[in-house]
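This report refers to the structure that appears directly beneath it.
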Amino acid sequence: MTEQMTETSEVPVPEPDTYHDQKTLMRLAQIAEWISWLFLVLFVVCGAIIVYFAYYIFHNHLAIEQFAFALPPFLVPFVLSGFLWIVLMLASEAVYVLMDIEDNTRRPKPPRME
């Protein structure tokens, strides 16, 4: 009996050398996007409260001073939630763009045809 040994010339392909974990970055971008949508909901709710309160003040012919003094507690979450929505969406998209840039710069170049 002769045993035939077949040698495989398959060389294991090394993983690309990166300094990040792609799954973790994708998860982080998704979490930032989800939280940003929660801030958008808060933005809409605060905007609706401001509009309803303004309607109530002007419809009942109450003093404008009441509206002016009662408005700042509603304006702070309104402005802050709008700002945080923009920042978190920007951060989420920035992670995707930077990962695309990194992926495009690491791809092997095609051979030149001369």
Which donor-acceptor pairs under 3.5 Å do side chains of residues 68-90 form with protein atoms, sequence neighbours excluded?
from: S81; atom 1: OG; to: F43; atom 2: N; distance (Å): 3.4
from: S81; atom 1: OG; to: P77; atom 2: O; distance (Å): 2.7
from: S81; atom 1: OG; to: F78; atom 2: O; distance (Å): 3.1

- Message: Can you tell me how far apart CD1 (I101) and CE (M99) are? Round to the nearest 0.5 Å.
- Response: 12.0 Å

Contacts table for residues 24-39: side-chain donor-acceptor under 3.5 angstrom, sequence neighbours left out:
from: T24; atom 1: OG1; to: D21; atom 2: OD2; distance (Å): 2.6
from: S36; atom 1: OG; to: E33; atom 2: O; distance (Å): 2.6

- Item | N60: side chain to side chain contact (heavy atoms under 4.5 Å, CB included) partners, not counting sequence neighbours | Y56, L62

- Query: Excluding sequence neighbours, so at least two apart, what forms side chain to side chain contact (heavy atoms under 4.5 Å, CB included) with A54?
  - Reply: F58, F67

Determine all donor-acceptor pairs shorter than 3.5 Å in which one atom belongs to a side chain in residues 44-53; sequence neighbours excluded.
none

